[in-house]
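Read the structure below first, then the notes.
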Protein chains: 2
Amino acid sequence: MYTLDQLVGFVAVAEEGSFAGAADRLSMTQPPLSRQVRKLERDVGVELLVRHHRGARPTPAGRVFLDEARRLLARAESSRLRARSVAAGTTGTVRIAFTAVSALTVLGPWASTLTEQLPDVDLILTEMVTGEQVDALLAGEIDVGLARGPARIHPLTARPVASESMVLAVPNGHPLTRLRGAATLSDVAAHPLVTYAPAAARYLYETVAAVFRDADLTPHYVQHVAQVNSVLALVGAGLGVALVPSSVATLHLPSVTYLEVLDIPDHAVQVHCVWRSDNDNPALARALTFI
Amino acid sequence: MYTLDQLVGFVAVAEEGSFAGAADRLSMTQPPLSRQVRKLERDVGVELLVRHHRGARPTPAGRVFLDEARRLLARAESSRLRARSVAAGTTGTVRIAFTAVSALTVLGPWASTLTEQLPDVDLILTEMVTGEQVDALLAGEIDVGLARGPARIHPLTARPVASESMVLAVPNGHPLTRLRGAATLSDVAAHPLVTYAPAAARYLYETVAAVFRDADLTPHYVQHVAQVNSVLALVGAGLGVALVPSSVATLHLPSVTYLEVLDIPDHAVQVHCVWRSDNDNPALARALTFI
DNA sequence: ATCAGGTATGCCTTTTGCGCATCGAACGAT
DNA sequence: ATCGTTCGATGCGCAAAAGGCATACCTGAT
């Protein structure tokens, strides 16, 4: 197999039109350059240059090979740059999993920051509930998850990235609206409660359950719905009230009013960013600096 | 600049998953392979493999670089084959010039043989009169010409490739048809003669002129036409008779009859293949073996 | 015929690369 | 917890390769 240095030498001779001139350009003397090119010719098995007393000119095969050599050298150089870029994390892929809640809060701003700051990093976004995210992280199928945390399983590291309280969504004209925008959990427990499906929206389901359990209250569940949007629709239709993350209150529906709940914990809904500490994806490390 | 051998080593390690295994595959020992790969990493400026107690696995940058390396090696190999093919004349380009006469006789069979036998050789065909062909050959603009020859200018070599006589084209019912298919030059000189334009069909013009000059006859020229087809059309229209190369007689026009001319030289029309003896295009050398 | 400009060759030195022997690290088995 | 096994890394010596210098050789121009 020939050497890239031999290609450099050959290209220089072909471009300069002489061995002596090319040797000068390459900061070397002419004899080793001659030997270099001859070695290349022996390897390729073809005479690439015709030498005459006044320089050297490429043969037809040499002209074709010159083209190939230039392309090869350019490619060799760009492959180095590309590898460096991947190592620096400015090129590559980050596979991100997110939950319904995180999609509303941290995912959007983060993803738009990433596409702006790391334009050559591809993002693969998949919605998963927390448990699925943990499995996928351990299996190496995703690089990072936005989930309830912190997961305490060994190779996983978690960092809180957002927390918010919950507010009460009620239909317009509901009796609780008379409380002037502030209710308590016992008020909530007195009414039918639309809540989340344990499977598809497990985090919110468990968060709501925990809130009432801690307050020693037993709400009256009337529905289990997967999507936050669906919850609001049912509330608007008058089927009950619902606790939703505060960020959801930014969605204004004509038939739904939001009330503060006084005795709900401030950071009831938390989003953690979870990844494997032994993940060697440099694009992940880079992406984590933007969250 | 790194070495293609280093790439081979790196690819082998990445594929085998271990330095020792790769060294075995490459028929070398493990220490120099380790050093090879490390040198490559130092050159690229990136850690390509993570070594652990049970082999080595590529980093994300290493996976990307592995792809590049494989492509690079494949390209390096194919560039050798390509150069060899060009040198052997089975790949490349042959620029062929031809005259109107040669187009009817040798060009067609030769070109079809070439496209069949040398499918990777591109043919560039250009119609030129003999003088233009000589200029183009000397200027290096074409590789070979099919022309009247032989040219005696120094770097040019010529080889006769076809010769033919001329026949007389007359309109149907012309008085000369009563001669039962055989006329003489003096018969021809007694009738208006459609002949060739000296500029665009110089060879045939001069050939016809020479035929009559040698016979001490002065024909009555009535037209100077560039194309053989046009000559036949004018003959068919009754404007005169014409001498055309025998091969033209294969074109049957409803209103034209061909007569043999008894005292016309057998090899009046000759086609030579002309090229520069110092032309180093291997595809030309190859192509010349098929004419 | 000689000269000039460029390439090939001989010879020496330096550098590079390989192989052998060995060390060190890290898991698995006991 | 310790030992053993299995990797990769390292030190060393030798051989091959590559570079530089001096020079021979070739060929068109003067």
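As a basis for the values below, the full set of heavy atoms in this structure was taken, side chains included, without hydrogen atoms, waters or symmetry mates. In what follows, chains are A, B, ... by sequence order, proteins preceding strands, each numbered from 1. These numbers come from a predicted model, not from an experiment.
- A side-chain donor from one of A:Ser79 and B:Tyr2 sits under 3.5 Å from a side-chain acceptor of the other.
- For the OP1/OP2 pair of D:dA9 and a distance below 4.0 Å, the side-chain nitrogens and oxygens of B:Ser34 include at least one atom meeting the criterion.
- Using a 4.0 Å cut-off between charged side-chain N and carboxylate O, B:Arg80 and B:Glu77 make a salt bridge.
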Measure all distances between protein nitrogen or oxygen atoms and nitrogen or oxygen atoms of nucleotides 26-30 of chain C, and list the pairs falling under 3.5 Å.
unit_1: C:dA26; atom_1: O3'; unit_2: B:His53; atom_2: NE2; d: 3.4
unit_1: C:dC27; atom_1: OP1; unit_2: B:His53; atom_2: NE2; d: 2.8

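- End-to-end axis angle of the helix from C:dA1-D:dT30 to C:dT30-D:dA1, using five pairs per end and rounding to 10°, comes to 20°.
- No hydrogens or angles considered: a donor-acceptor pair under 3.5 Å links the side chains of A:Ser85 and A:Thr90.
- The pair A:Arg82-B:Glu68 counts as a salt bridge, with a side-chain nitrogen and a carboxylate oxygen less than 4.0 angstrom apart.
- Checked by atom type and distance alone, the side chain of B:Gln30 never pairs as donor or acceptor with a backbone atom of B:Ala23 at under 3.5 Å.
- Smallest separation of non-hydrogen atoms from B:Thr59 and B:Glu47: OG1-O, 2.8 Å.
- D:dC7 atom C1' lies 15 Å from atom CD of B:Glu16, rounded to whole Å.
- The minimum heavy-atom distance linking A:Arg75 with B:Leu72 is given by the pair CG-CD1, 3.2 Å.
- Considering all non-hydrogen atoms of both residues, A:Ile96 and A:Trp110 come closest at CD1-CZ3, 3.8 Å.
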What pairs of nitrogen or oxygen atoms, one from the protein and one from nucleotides 13-20 of chain C, lie under 3.5 Å apart?
unit_1: C:dG17; atom_1: OP2; unit_2: B:Lys39; atom_2: NZ; d: 2.1
unit_1: C:dC18; atom_1: OP1; unit_2: B:Gln36; atom_2: NE2; d: 3.2
unit_1: C:dG19; atom_1: OP2; unit_2: B:Thr29; atom_2: N; d: 3.1
unit_1: C:dG19; atom_1: OP2; unit_2: B:Thr29; atom_2: OG1; d: 3.0
unit_1: C:dG19; atom_1: O6; unit_2: B:Arg35; atom_2: NH2; d: 2.7

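- Contact check, A:Ser18 against C:dG6: no side-chain N or O comes under 4.0 Å of OP1 or OP2.
- Protein atom CZ of A:Phe19 is 13 Å distant from nucleotide atom P of C:dG6, rounded to whole Å.
- The heavy-atom pair separating A:Tyr203 from A:Gln270 by the smallest distance is OH-N, 2.7 Å.
- Counting only N and O atoms by type, the side chains of B:Ser102 and B:Thr99 include a donor and acceptor under 3.5 Å apart.
- Heavy atoms only, all atoms of each residue included: B:Leu33 and B:Phe19 are closest at CD2-O, 3.4 Å.
- Between the CD atom of B:Glu41 and the C1' atom of D:dG8 there is a distance of 12 Å, rounded to whole Å.
- Between A:Arg38 and C:dT9 there is a side-chain N or O to OP1 or OP2 distance below 4.0 Å.
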